[in-house]
Amino acid sequence: MTAPLPPSFAQRLLAWFDVSGRHDLPWQHPRTPYRVWLSEIMLQQTQVKTAAPYFERFVQRLPTLRDLALAPLDDVLALWSGLGYYARARNLHAAARRCLEQHGGELPRDIDALTALPGIGRSTAAAIVSQAWNDRFAILDGNVKRVLSRYHGVDGWPGLPAVEKRLWSLADQHAADPLLPDSRLADYTQAQMDLGATLCTRSDPACVLCPLQDDCVARREGRVAELPTPKPGKAPPQKYAHVVWAEDGEGRILLQRRPPTGIWASLWTLPQAEDEALAMAWFERHLAGNRAAREVLPCIDHAFSHYKLQLQPLRWRDASLRDRIGDNDDLRWVAREELGTLGIPAPIRKLLEADQLLNRNTGP
DNA sequence: AACGCGGGGTG
DNA sequence: CACCCAGCGTT
């Protein structure tokens, strides 16, 4: 069971809408089922400013559902040209023809019959019946997802099924508010979209003007900029490398300073090679000791913002630098006690210090 | 569950 | 340039 919602969500939204909502959108005058339907289709993934001129031209050329159904598809596509997502136009045309055949030339008022028409999903069907007939159905478009994510502090990308389910549940609860009058479902639907489009915008929302600011969870917790959770980016590429862990007879570790730019710039780390062969070659080039006497340690996984790195440590004990390559500024033996005084990448430090801990606990 | 569709706006 | 926008249908 969830706690009862503040009963004033819809009321405050409506009071705000009466004063500050958008009342002059082309499809509001007159607000007929056909015009509402057409506007909702045009506004799928398309902003009002972009769609408005297309809407005006479309209804001037095809003023009724019957005109649309009887028009050649090519005419409809021509009116759509430049709007994008042309499947919307094909679906619109097909749906109009089906209305002519199956629904007496009218758009059905039944939500399931609407959803069965091509191009009309759950949210669009709800937007149509609520705006055209004041029927009590919740919408959940991008605007409402953003408003509800912030207002209720819902974490997670709204595209995730579990998150979307939660948002639908919240939208349904608000629409069921008994303080939301039967006569005002059209305005309530429009008010949510107006709030999302004009105040509760994706970036830099105008919270000080928002009618919901007093009990908005994101506002209270300072998480307005973090919600809704952005769509996860493409999986970062996985990269691999080997690191050479060489110790001398006294247990000191050979560390190398990274170049001044790039990842881990100027930090001290284990010498790194792109693959096993290059790691072996690095050992051969710089170190004297039994090349074959290496330990293959468990891999280390580390995530950067733009890629993931898996490191394969190879360890040699009792190694020494070849005579002709002595200590220099970028390569040095470091005693375990010194590790704390150097800048070392977290995963490398963890690797080295885990070993130190192990030696202390189980060593002779 | 993931993807394609698309032109336009935005940081 | 990458990402997002009054989503939906397909795979």
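Lettering of chains follows the sequences in order, A, B, ..., and the numbering in each one begins at 1.
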Would you mind listing the cluster partners of Leu100(A)? Hydrophobic ones only (ILVMFWY), side-chain contacts under 4.5 Å, chaining allowed.
Leu70(A)

Determine whether any donor atom in the side chain of Thr50(A) lies under 3.5 Å from an acceptor atom in the base of dG9(B), or the reverse, and answer yes or no.
no

Would you mind classifying the nucleic acid contact of Leu25(A) as base, sugar-phosphate or nothing, using non-hydrogen atoms under 4.0 angstrom?
base

Using atom P in both nucleotides, what's the gap between dG6(B) and dT10(C) to the nearest angstrom?
14 Å

Nearest-neighbour nucleotide for the Asn91(A) side chain, dG11(B), dG9(C), dA1(B) considered
dG9(C)

Find which nucleotide of DNA chain C each of Ile120(A) and Asn143(A) is nearest to by heavy atoms, and output the residue with the more 5' nucleotide.
Asn143(A)

At under 4.0 Å between heavy atoms, what does Arg22(A) touch on the DNA or RNA strands: base, sugar-phosphate, or nothing?
base

Return the 5'-most residue of the pair Thr115(A), Pro230(A) with respect to DNA chain C, ranking by each residue's nearest nucleotide.
Pro230(A)

Remember a base hit wins even if backbone is also touched, and classify Val48(A) as base, sugar-phosphate or nothing at under 4.0 Å, heavy atoms.
base

Please verify the inter-ring angle class for Trp264(A) with His302(A); under 30° counts as parallel, over 60° as perpendicular, anything in between as tilted.
tilted

Can Arg184(A) and Asp177(A) be counted as an ion pair, charged N to O under 4.0 angstrom?
no

It should be established whether Thr124(A) places a side-chain nitrogen or oxygen under 4.0 Å from OP1 or OP2 of nucleotide dG7(C).
no

Measuring from the side chain of Asp141(A) (C-beta onward, heavy atoms only), which nucleotide among dG7(B), dC5(C), dG7(C) has the closest atom?
dG7(C)

Please list, by residue number, the residues of residues 71-85 of chain A whose heavy atoms come closer than 4.0 Å to an atom of DNA chain B; answer none if no residue qualifies.
Gly82(A), Leu83(A), Gly84(A), Tyr85(A)

When all nucleic acid strands are considered with a 4.0 Å heavy-atom cut-off, which category describes Glu164(A): base, sugar-phosphate, or nothing?
nothing

